[in-house]
Amino acid sequence: MLERGRAIIIDGTRKTMKDVLIAPSILSADFTNLGDEIRGVDEAGADVIHIDVMDGHFVPNITIGPLVVKAVRKITVKPLDVHLMIMDADRYIDAFAAAGADWITVHVEACTHLQRTVSRIREHGLKAGVVLNPATPLSTLDYILADIDLVMLMSVNPGFGGQSFLPVTLTKIRALRSIIAQHSPEVLIEVDGGVAPETIGPIAEAGAHVFVAGSAIYGCDEYAPVISELREKAMKAKRIVE
Ligand code: DX5
Ligand code: ZN
């Protein structure tokens with residue numbers, strides 16, 4: 001029942017809640033060589049490509065927009081997980097959908113009319129997710145869980161790669177897992193920030209399904225070994241609890 005609800009298709013393969021989805025964040029890639037950097041993680045076993053969009057208002061950094069998403073779309077068939085760290089996301093949903101996003105996640109702190117925003121994402125046939133900053137309570141999900149496909153918990157304050165994982169997130173993942181099991185078992189839990197071989201075990205054990213990792217992957221000379229290590233450690237940890 002839970003497995004069927006959480007199943008998603010990636011590369012023609014059915015993934016379930018027992019799968020671990022590794023999502024390299026291109027924020028830490030070498031942007032002078034972005035095509036090869038994306039092909040590199042794709043061939044190394046990435047399940048999802050995570051793309052961080054920052055506007056210099058919601059977060060103190062500016063990154064990329066729909067043009068880059070459109071370019072990335074041309075070189076990979078893996079799902080593009082577009083993380084919008086922007087104010088007024090409603091104005092840009094259509095553009096990111098047209099650019100080829102598969103998942104679009106928006107911050108609850110930045111969306112005044114959150115239900116409208118996630119509905120618009122789903123109207124494009126995409127997976128809709130909401131993101132919570134580290135200090136944002138899970139109660140902000142109370143009236144939106146039925147309208148979304150995934151919840152992403154920030155385990156760092158958003159805006160930059162390479163920050164340390166905030167351990168309090170583990171408590172939050174466990175609490176979210178329990179809420180989701182009771183009310184919306186099909187919703188995936190994604191964790192973003194400070195995910196690395198040293199931290200992924202407890203994150204997986206707490207109940208996450210999708211693991212975003214930027215510096216831990218792109219900081220390595222070779223991507224396949226670290227992606228395999230992340231997956232193995234998460235799978236091992238999940239076997240303890242599932
Ligand atoms: C931070 C971004 C993250 C970032 C993670 O605001 O949302 O996706 O790339 O980077 P690491 O894995 O280095 O913490
Ligand atoms: Zn992100």
Side-chain angles (χ1 to χ4, degrees), residues 20-31 34 37-38 40-41 44 46-66 68-69 72 78-87 89 92 96 101-111 121 127-136 149-170 172-173 188-204 208-221 223 226-227 229-231 233-234:
V20 165
L21 303 181
I22 304 293
S25 164
I26 66 168
L27 186 64
S28 293
D30 174 1
F31 275 68
L34 189 58
E37 288 281 71
I38 289 162
V41 292
D47 299 296
V48 176
I49 306 295
H50 184 86
I51 303 178
D52 289 304
V53 176
M54 306 184 189
D55 67 351
H57 291 276
F58 178 62
V59 290
N61 199 0
I62 300 175
T63 55
I64 61 183
V68 174
V69 174
V72 174
K78 299 279 168 73
L80 302 184
D81 171 26
V82 176
H83 175 192
L84 297 185
M85 285 162 276
I86 64 175
M87 304 301 295
Y92 299 98
F96 282 106
D102 296 286
W103 307 1
I104 296 180
T105 61
V106 295
H107 275 257
V108 297
E109 305 88 357
C111 293
I121 295 169
K127 292 203 176 300
V130 296
V131 192
L132 273 57
N133 279 338
T136 301
D149 302 288
L150 61 111
V151 173
M152 188 161 80
L153 298 182
M154 292 308 302
S155 38
V156 298
N157 289 293
F160 304 95
Q163 302 180 79
S164 298
F165 179 82
L166 293 169
V168 70
T169 314
L170 296 175
K172 202 171 177 185
I173 299 167
L188 291 167
I189 302 175
E190 184 168 11
V191 174
D192 184 4
V195 176
E198 303 74 42
T199 55
I200 197 166
I203 299 169
H209 309 102
V210 187
F211 304 84
V212 178
S215 53
I217 293 174
Y218 279 109
C220 293
D221 291 337
Y223 304 146
V226 67
I227 289 175
E229 184 182 5
L230 288 167
R231 190 187 310 285
K233 287 190 165 159

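Computed over heavy atoms, backbone and side chain alike; hydrogens, waters and symmetry mates excluded. This one's a predicted model, so the numbers in the text were calculated from it and none came from an experiment. Start at 1 with the first residue, then count along the sequence. Order of appearance sets the numbers: ligands from 1, and atoms from 1 within every ligand.
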The atoms of ligand 1 lying under 4.0 Å from a heavy atom of S215, numbered in the order shown, are 11 (P), 12 (O), 13 (O)
In this structure, atom 9 (O) of ligand 1 is nearest to the protein heavy atom S25 OG, 2.7 Å
- Message: Can you confirm whether I26 sits close enough to E37 that some side-chain heavy atom of one is under 4.5 Å from a side-chain heavy atom of the other?
- Response: no
L27 heavy atoms within 4.0 Å reach ligand 1 at atoms 4 (C), 9 (O)
- Does V151 reach the side chain of I189, with side-chain heavy atoms less than 4.5 Å apart? no
The NE2(H50)-the Zn ion (ligand 2)-OD1(D52) angle, to 10°, is 90°
In ligand 1, the atoms that come under 4.0 Å of a heavy atom of F160 are 1 (C), 6 (O)
- Apply the test side-chain contact (heavy atoms from CB on, under 4.5 Å) to residues I22 and I200: give CA-CA distance (whole Å), side-chain angles for both, the deciding distance (0.1 Å), then the verdict. CA-CA 11 Å; I22 304 293; I200 197 166; 4.2 Å; yes
Numbered in order shown, the ligand 1 atoms found under 4.0 Å of a heavy atom of P158 are 6 (O)
Per-atom filter on ligand 1: closer than 4.0 angstrom to a heavy atom of M85 are 6 (O), 7 (O)
inquiry  = Against ligand 1, does F165 come closer than 4.0 Å with any heavy atom?
reply    = no
min-distance protein heavy atom vs atom 12 (O) of ligand 1 -> G214 N, 2.7 Å
Atom 2 (C) of ligand 1 sits nearest the protein heavy atom D52 OD1, 3.4 Å
Less than 4.5 Å apart, side chain to side chain, heavy atoms only: is that true for T105 and D192?
no
Nearest heavy-atom approach of P79 to W103 is CB-NE1, 4.0 Å
* Asked: Do the non-hydrogen side-chain atoms of L132 and K172 ever get within less than 4.5 Å of each other?
  -> yes
> Can a non-hydrogen atom of A216 be found less than 4.0 Å from any atom of ligand 1?
Replying inline: no
A student checking ligand 1 against G162 at a 4.0 Å heavy-atom cut-off should list atoms 10 (O), 11 (P), 13 (O), 14 (O)
Are the side chains of Y92 and V53 in touch, meaning some heavy atoms are under 4.5 Å apart? no
The protein heavy atom nearest to atom 6 (O) of ligand 1 is G159 N, 2.8 Å
heavy-atom search around atom 14 (O) of ligand 1 in the protein gives G194 N, 2.8 Å
**OP:** Kindly assign one of parallel, tilted or perpendicular to the pair Y218 and Y223, based on the angle between their ring planes and the thresholds 30° and 60°.
**Re:** perpendicular
inquiry  = Please tell me whether D81 and H83 have a donor and an acceptor in their side chains that are separated by less than 3.5 angstrom.
reply    = no
A student checking ligand 1 against G161 at a 4.0 Å heavy-atom cut-off should list atoms 10 (O), 13 (O)
Between D192 atom OD2 and H83 atom ND1, the angle centred on the Zn ion (ligand 2) rounds (to 10°) to 90°
Quiz item: Mind checking whether H209 and L21 have side chains closer than 4.5 Å, heavy atoms only?
Solution: no
- Query: Do D52 and N61 touch side chain to side chain, with heavy atoms closer than 4.5 Å?
  - Reply: no
Counting from 1 in the order shown, the ligand 1 atoms closer than 4.0 Å to a non-hydrogen atom of D192 are 2 (C), 3 (C), 4 (C), 5 (C), 7 (O), 8 (O)
